[in-house]
Each structure stands twice: as structure tokens, then as C-alpha cells.
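Excluded from the calculations below are hydrogen atoms, water molecules and symmetry mates; all remaining heavy atoms, backbone and side chain alike, are included.
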Amino acid sequence: MRKIKMVALGTVMVLALGMLSGCGKNDIGTMKRFAKCADVTGYTGVEYVPESREVTQDEIDDAIDSFCNDNSVTTQDKTSEIASSDVVNIDYVEKISGVEHNRQSDYEITIGNDEIIPGFDDQIIGEKGGSIKKFKLTYPDDYEDTQVAGLEAEFEVTVNYISVTTIPEYNDELVKKATDGEYTTTADYTKHLTEELQNDRNDEADEAERTDVLQTIIDKTEITKYPQNEADEYTKSVIQNMESAAQNYQIDLQTYLMYFYGYDNEADFMKFLTETVESVMKEKIVVSSIAYKENLVATDDDIAAYKKEFMEKNGIEDEATIDEYYTKNDLEFYATEEKVLDFLMENAVQVEEKTDDTEEASTEE
């Protein structure tokens, strides 16, 4: 089962938006309106190239390494001299022109990164836990914080300790302790990790193959009644939600777009958003059309089963959490899409390589 999609844009964008209103003027079901936006044909016999489902030894080794890292032990070294790349816990007070500018306690830095000010780390190399050192440094003229650029700062640093992380050996003792006795040998736990990796890889492959088949159908479908007004309203609602979120963070929209989505200007983001909304609507149109043609529209029981499985797979205990973000129409579509995708895969053709006439490869009608 696929995770409920967030329209590729994150929770903020779909929060409280629900399904698009669809095509047509009659007040009929949302999916039924979407189904009228295109006459989808040629959706059986679609060719797809199977995804690899192999789990490599490197991936198993990485999972073992991750398990060991997750069970690492951190100790405090107060006797060794600080060296480059050490992780050090410090307290410090910074003053500029005799006025306290910054104070930090129990603060961790990695020596060599100079994250506080250029030259700071060099001042405490060679120190040990418990030592106190005072020194002065000058911020570069082009420092990113223009309020302190070019100014001299006085620091008083107390070194607490070097933080030493020890990664345990992968052995039976570690496995038994870390899993509370559920697994007692590395052989058993490696088998468990391998099965988890295989299940994840199978899920990924299923998702990729289903997406490939559906996208092939979408690409060759002519949308006869593209609902531009609904798309515009949907896009507008997304932007309004983002502006509200930006205000909550006390930043402007452009900063929000850069921080959360990596876009440094609103025009490029709007192009991305418009294309994404168009893609989502086409998907809903195609799925809805096939669902009505093949009598695959989700029933109340289907929706309830989908909702339950989604909650179990994502560790959600309270049904209200789902209802907070998704309307009944949303869940009806997602449950219906699962049935449509099952149908498409049952009638798709697995090939080594797609042929040029894939679009005509259909046994429908």
C-alpha cells in the first residue's frame, strides 16, 4: 500500500484544501466530475520494465553499521588535550565593547569548523577539561552578521570535556542487549535486517512500477475539459497556506520558499507549483475515469480498510489525526486509486524493454 500522497508539496500545502472541485457544473460527486474530464482508453496491456528487487551485501552492511551507530556509547574525556576534529563541550561568554553579546552553556562544537568565529577553535586546541581561557578575536569585515562585522570580541571559555563516541562491535551480546532479548545472535538479527531491507525494496519497486504504468497512461491521455478555474483556486489556496505558515515563522514568503523548498525566487516556485498542480489533476482525472469505467470506486468498507492500513503502517493511533488533514473525498480518491492501480498492474505487461508502440499495446475494448 502506498503512503497517502501530499501532492508532492508537503503538509502545509494540502492542509485543509481537500480534493479539487473537479469538472462540470452539476453538483455530483467529486470523482465523477473528474471522470468527465477525459475519455481514458488503452489502459490495459501497458508495458513496463520491472524494477530491481535485489538487496546487496553493501546495503546489509550499511544497516548493520547503522545499528551499531544507533547503539554507540558517549563518554566524557576530561584529561586528554583537545585536538582537531574533537567534539568538545564548552561554556562561553562573549563580550563586545564590554557588553555581553552571547552566552552559551553545555555547548558542543567540532574543532576545525570554526562555527562560532574564525580562529576560535585554534584558541582551545591543546586545552583540557576544566580549563578556562580568555582571548580576543576580531570578526572579519565581510562577516555574514553585519552587526558584528569588523568588531573585536572578548571570549571567556570554560572547557567541560571532550565528547568521545564509541561504536560497539557487532556481536551477540550487543544484539541481545539492544533488542531486549528479541534476537540473541548476529545471525538472527542479520536475517531480520535483510528481511526488512527486502520488504522495503519490494515496496519501492511496487511503487515505481505502479507509478510507471499510471504515468504511461496519463502521458497518452488527452484531457478534454481541463478544469483551469479549479486549478487556479487550488494554487491560490496553497499560496495562502504558505503565506500563513511563513507568518507563523515570522519570515517573508521568499525566505520560506528558500528554506523549505530551495527556491530563491517566487517566479520559479510558481512555475513548479503550477506544473505540480497540473500533474496532480491529470492523475485524478485519469484514475477517476478508469474507476468509473471499471466499477472500481471505493466503497465505505474500502475507505475504512485503507484508513486502517495507513494508520498501522505509519504508527498512527488516533483516527482523528487522519481526519484532521484529509476529507472523506480525499480518502475516497486514495482508496480508489489503490484499486485502480491493482487493476492496472493485473492487466499490465512486464517486458525487458518498452517498445515504440507501447501506446497501442492494449487489449481494452
Side-chain angles (χ1 to χ4, degrees), residues 1-4 6 10-11 50-92 104-116 120-122 124-131 157-209 308-318 321-322:
M1 187 192 83
R2 300 190 303 167
K3 291 183 178 179
I4 285 183
M6 306 301 285
T11 304
E51 295 287 322
S52 171
R53 295 170 185 264
E54 178 188 5
V55 174
T56 67
Q57 186 60 49
D58 284 345
E59 290 171 326
I60 296 171
D61 291 341
D62 286 344
I64 292 172
D65 288 343
S66 179
F67 170 74
C68 292
N69 285 326
D70 288 343
N71 289 281
S72 60
V73 177
T74 301
T75 56
Q76 300 178 3
D77 181 353
K78 297 182 179 182
T79 59
S80 298
E81 292 185 355
I82 295 172
S84 180
S85 299
D86 282 344
V87 177
V88 182
N89 186 285
I90 62 173
D91 302 333
Y92 76 88
Q104 296 290 339
S105 298
D106 198 28
Y107 190 78
E108 250 185 23
I109 60 173
T110 300
I111 302 302
N113 290 346
D114 268 341
E115 60 188 78
I116 296 176
F120 184 96
D121 293 7
D122 290 339
I124 60 173
I125 285 179
E127 300 294 325
K128 298 179 181 180
S131 66
V157 180
T158 300
V159 177
N160 297 321
Y161 54 85
I162 300 173
S163 183
V164 180
T165 299
T166 303
I167 300 174
E169 179 185 351
Y170 186 57
N171 54 33
D172 293 350
E173 181 182 357
L174 173 65
V175 166
K176 186 176 181 179
K177 180 179 178 181
T179 66
D180 293 326
E182 182 177 359
Y183 300 93
T184 57
T185 67
T186 55
D188 286 343
Y189 195 69
T190 300
K191 180 181 178 183
H192 163 70
L193 288 176
T194 304
E195 289 173 350
E196 280 195 332
L197 288 170
Q198 188 63 67
N199 289 336
D200 289 343
R201 182 56 44 80
N202 289 341
D203 287 345
E204 291 168 2
D206 287 343
E207 172 73 8
E209 290 168 1
K308 179 181 178 182
E309 187 175 354
F310 176 76
M311 291 174 64
E312 290 175 351
K313 199 162 189 175
N314 291 277
I316 299 172
E317 297 181 359
D318 187 2
T321 302
I322 303 296

S85 to T110 - nearest heavy-atom pair and separation: O-CG2, 3.9 Å
Geometric class of the Y189/F67 ring pair [parallel <30°, tilted 30-60°, perpendicular >60°]: tilted
Donor-acceptor contact present, side-chain N199 to main-chain E195, <3.5 Å: yes
Distance (rounded to the nearest 0.5 Å) between K128 NZ and K78 NZ: 14.5 Å
Side-chain heavy-atom pair I60, D62 within 4.5 angstrom cut-off: no
D77-S80 side chain donor-acceptor pair, cut-off 3.5 Å: yes
Heavy-atom closest pair, residues E81 and G126: CG-O, 3.6 Å
Note: E209-R53 ion pair, threshold 4.0 Å (strictly below): yes
Any side-chain heavy-atom pair of V164 and T74 under 4.5 Å: no
Sub-4.5 Å side-chain heavy-atom contact between D200 and E59: no
Nearest-0.5 Å distance, CG of residue D65 to CD1 of residue I167: 8.0 Å
Heavy-atom pair with the smallest gap, counting every atom of V159 and I90: CA-CG2, 4.2 Å
Nearest-0.5 Å distance, OG1 of residue T185 to NZ of residue K191: 10.0 Å
S72 (side chain) donor-acceptor with N69 (main chain) under 3.5 angstrom: yes
Ion pair E182/K176, N-O distance below 4.0 Å: no
N171 (side chain) donor-acceptor with E173 (main chain) under 3.5 angstrom: yes
Point-to-point distance, once rounded to the nearest 0.5 Å, from CD1 of I109 to OH of Y92: 8.5 Å
Intermediate values then yes/no, side chain to side chain contact (heavy atoms under 4.5 Å, CB included), K313 and D203: CA-CA 12 Å; K313 199 162 189 175; D203 287 345; 3.8 Å; yes
Derivation and outcome, side-chain hydrogen bond (donor to acceptor under 3.5 Å, both in side chains), residues N113 and D121: CA-CA 8 Å; N113 290 346; D121 293 7; over 6 Å; no
Non-hydrogen side-chain atoms of I111 and I124 separated by less than 4.5 Å: yes
Beyond-backbone contact of L174 with E169, side-chain heavy atoms, under 4.5 angstrom: no
Neighbour count >12 (heavy atoms, 6.0 Å) for atom CD, Q57: yes
Sidechain-backbone polar pair: D86 side chain, A83 backbone, donor-acceptor under 3.5 Å: yes
Y161: ring-ring contact (aromatic ring centres under 6.0 Å, His included) partners, not counting sequence neighbours: none
Whether D106 side chain and N89 backbone form a donor-acceptor pair below 3.5 Å: no
Heavy-atom side-chain contact between D91 and Y107 under 4.5 Å: no
pair T190-I64: side-chain heavy atoms closer than 4.5 Å: yes
Residue of the set I82, V157, T158 for which side-chain contact (heavy atoms from CB on, under 4.5 Å) holds with E127: I82
Closest non-hydrogen atom pair, A205 against S52: CB-O, 4.2 Å
Distance in Å, Q76 CD paired with N160 CG, rounded so as to fall on 0.5 Å steps: 8.0 Å
Check: T165 and T75 side chains under 4.5 Å, non-hydrogen atoms: no
Distance, nearest 0.5 Å, that separates OH of Y183 from CG of D188: 8.5 Å
